[in-house]
Number of protein chains: 2
Amino acid sequence: MLAMHSAAESKARRTNEANSKEETEAPFGLGVVLRLKPNETLFSEGDAAASFYQIKEGVIRSFRMMIDGRRQIISFSQPGDYLGLEWEGDRAMTAEAIIDTAVVSYPRRHLEGRATADVRVQNRMMAVLFGGLHNAQEHLVMLGRQTAMEKLGWFLVRLARSSRMNNGALALPMNRTDIADYLGLSMETVSRGFSLLTREGYIALPDAHQVCIRNFKRLDALARGEVPTAH
Amino acid sequence: MLAMHSAAESKARRTNEANSKEETEAPFGLGVVLRLKPNETLFSEGDAAASFYQIKEGVIRSFRMMIDGRRQIISFSQPGDYLGLEWEGDRAMTAEAIIDTAVVSYPRRHLEGRATADVRVQNRMMAVLFGGLHNAQEHLVMLGRQTAMEKLGWFLVRLARSSRMNNGALALPMNRTDIADYLGLSMETVSRGFSLLTREGYIALPDAHQVCIRNFKRLDALARGEVPTAH
DNA sequence: CGGCTTCTTGAATCTAGTCAAACTGCGTGG
DNA sequence: CCACGCAGTTTGACTAGATTCAAGAAGCCG
């Protein structure tokens with residue numbers, strides 16, 4: 001346990017399966033709390049999947065990368081969300097903290113044994129898996145069939161639904177490149193899109209990491225593709 | 001049971017949860033066989049999800065549609081694949097036969113009761129769900145980050161891996177529009193792409209519904225984004 | 001054989017991407 | 001405290017890849 005925290009850790013990129021620990025009681029049994037700083041890696045594509053996680057605090061981006069560096073973000077995980085469930089074998093994606101984040105880690109075998117025995121654990125796991133599938137399906141429609149402006153509307157509507165507001169504003173912890181890689185766009189298109197949404201009165205941007213939704217109904221219509229004049 | 005099959009059934013669009021029946025013994029217990037003609041609907045977005053299915057024969061397209069008709073195909077299901085598993089509530093997508101298709105139908109409750117009891121059923125269900133998530137993730141990367149030619153390569157490589165060849169040729173039961181709506185492209189781009197792949201020696205097209213893969217390795221490299229000069 | 005649907009090809013348009021420059025906010029150090 | 005540097009964001013100009021619209025070819029069914 002000596003000198004576990006190197007001076008370089010604040011900019012760390014290394015995989016981090018053991019960090020500062022705390023024991024917790026939680027729905028999947030006993031877990032260990034891991035704390036991650038911005039851009040720290042929880043696990044990487046190709047690692048053996050020994051654990052799964054629940055976010056306690058913060059935000060995690062999970063993504064897959066192509067050999068030439070193109071990146072597709074699969075999900076932004078928020079407090080309460082589960083992450084890193086794999087059936088067998090290796091990680092199919094990389095998970096990194098976006099901001100200071102705390103996750104509870106459970107050993108995978110912990111689940112296997114209990115799932116067969118405890119119906120409630122089993123149901124919870126099913127719910128998580130079905131939820132993931134449902135999200136992925138909506139993500140597919142968005143990526144495959146929506147325009148840039150619709151994608152941004154979709155993103156903001158989802159964000160509004162999944163996170164709580166701070167005196168009228170939503171936190172945007174991820175940067176423009178993250179948003180772009182989530183929506184299948186370029187960083188510049190995201191930025192231009194936000195500017196346009198602001199000009200058109202959909203939203204306001206107090207600063208780059210905060211959004212106020214001015215007209216949710218209209219934004220939702222945009223997200224659903226009901227605004228034909230959405231250049 | 002009289003006059004169940006109307007004359008118009010060959011072009012039917014109606015939901016079809018009860019059709020010609022046969023009893024079968026299968027891994028999820030007793031099921032009923034349903035037979036579908038091309039373009040017949042197995043279930044529709046919004047229906048109550050009372051059953052799930054396994055494909056015995058044929059191909060099914062599952063998709064979601066936007067109000068203005070834009071369509072995203074989520075999956076092409078082939079013999080052996082499971083389909084229509086929903087956690088609770090209504091169908092999130094529509095499933096239609098592409099060609100003459102036979103599926104085994106199981107009532108959903110059938111599973112709920114058994115899953116809690118039988119570890120093997122449970123594991124099978126988990127495997128199906130994890131498989132679906134894995135597929136969806138690859139689909140996301142393709143839709144979000146690949147070029148038209150890479151998408152076509154990806155599609156053909158997947159097809160080659162999932163279906164057996166008929167004397168050197170793969171069946172392409174779906175039409176160009178289906179492929180386009182699966183890959184997030186236009187029908188014309190798919191057609192042009194196939195022509196280009198043919199000219200460049202990747203594939204041959206004996207006819208519109210048959211492909212021969214001439215150079216699998218190169219096609220796979222294309223699909224992975226390792227061919228920079230893929231206009 | 002004729003009519004219909006599906007597929008292919010062409011030409012023009014347009015959306016989003018790329019490359020590049022300027023701006024902003026922030027933390028550091030003089 | 002202000003200047004500097006840096007990372008992230010915004011904006012601009014141009015380009016490219018894919019879509020759209022449109023016409024022609026090919027296969028399929030009756």
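Every chain is numbered from 1 and lettered A, B, ... according to where its sequence line falls, protein lines coming before strand lines.
The interatomic distance linking A/Asn175 (CG) with C/dG25 (C1') rounds to 15 Å, in whole Å. Atom CE of B/Met149 is separated from atom P of D/dG17 by 12 Å (rounded to the nearest Å). Rounded to whole Å, atom C1' of D/dA7 lies 14 Å from atom CG of A/Asp178. Per the geometry, CD1 belonging to A/Ile179 stands 17 Å off P belonging to C/dA16, to the nearest Å. The distance between atom CD of A/Gln146 and atom P of D/dT19, rounded to the nearest whole Å, is 15 Å. Rounded to whole angstrom, the span from the CG atom of B/Leu196 across to the C1' atom of C/dC7 amounts to 17 Å. With rounding to whole Å, B/Leu152 atom CG is found 14 Å from C/dC7 atom P. We find that CG of A/Leu183 is positioned 12 Å from P of C/dA16, with the value rounded to whole Å.
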Candidate pair B/Asp220 and B/Arg161, rule salt bridge (charged side-chain N to carboxylate O under 4.0 Å, His left out), full reasoning: CA-CA 11 Å; B/Asp220 193 46; B/Arg161 291 203 168 118; 3.7 Å; yes
Candidate pair B/Gln78 and B/Ile55, rule side-chain contact (heavy atoms from CB on, under 4.5 Å), full reasoning: CA-CA 6 Å; B/Gln78 293 194 313; B/Ile55 315 291; 5.9 Å; no
Trace of the ring pair (Phe, Tyr, Trp, His ring centres under 6.0 Å) decision for B/Phe76 with B/Tyr182: CA-CA 9 Å; B/Phe76 293 117; B/Tyr182 185 57; 4.7 Å; yes
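A heavy atom closer than 4.0 Å to some atom of DNA chain C occurs in A/Leu185, A/Ser186, A/Glu188, A/Thr189, A/Arg192, these being the qualifying members of residues 185-194 of chain A. Of the residues in residues 203-214 of chain A, A/Ala208, A/His209 come within less than 4.0 Å of DNA chain D through at least one heavy atom, sorted by number.
A salt bridge is absent between A/Asp181 and A/Arg61: the closest approach of a Lys/Arg side-chain nitrogen to an acidic carboxylate oxygen does not fall below 4.0 angstrom. The existence of a salt bridge linking A/Arg158 and A/Glu138 is confirmed by a sub-4.0 Å separation between a basic side-chain nitrogen and an acidic carboxylate oxygen.
No side-chain heavy atom of A/Val227 sits under 4.5 Å from any side-chain heavy atom of A/Glu150.
For the pair B/Arg214 and B/Tyr202, the cation-pi test (distance below 6.0 Å, angle within 45°) is failed.
Applying the side-chain contact (heavy atoms from CB on, under 4.5 Å) criterion to B/Asn167, with sequence neighbours excluded, gives no partner residue.
Atom CZ of B/Arg71 sits about 5.5 Å away from atom CZ of B/Phe63, to the nearest 0.5 Å.
Nucleotides of DNA chain D nearest to A/Met174 and A/Arg145 differ in position, and the one nearer the 5' end is that of A/Met174.
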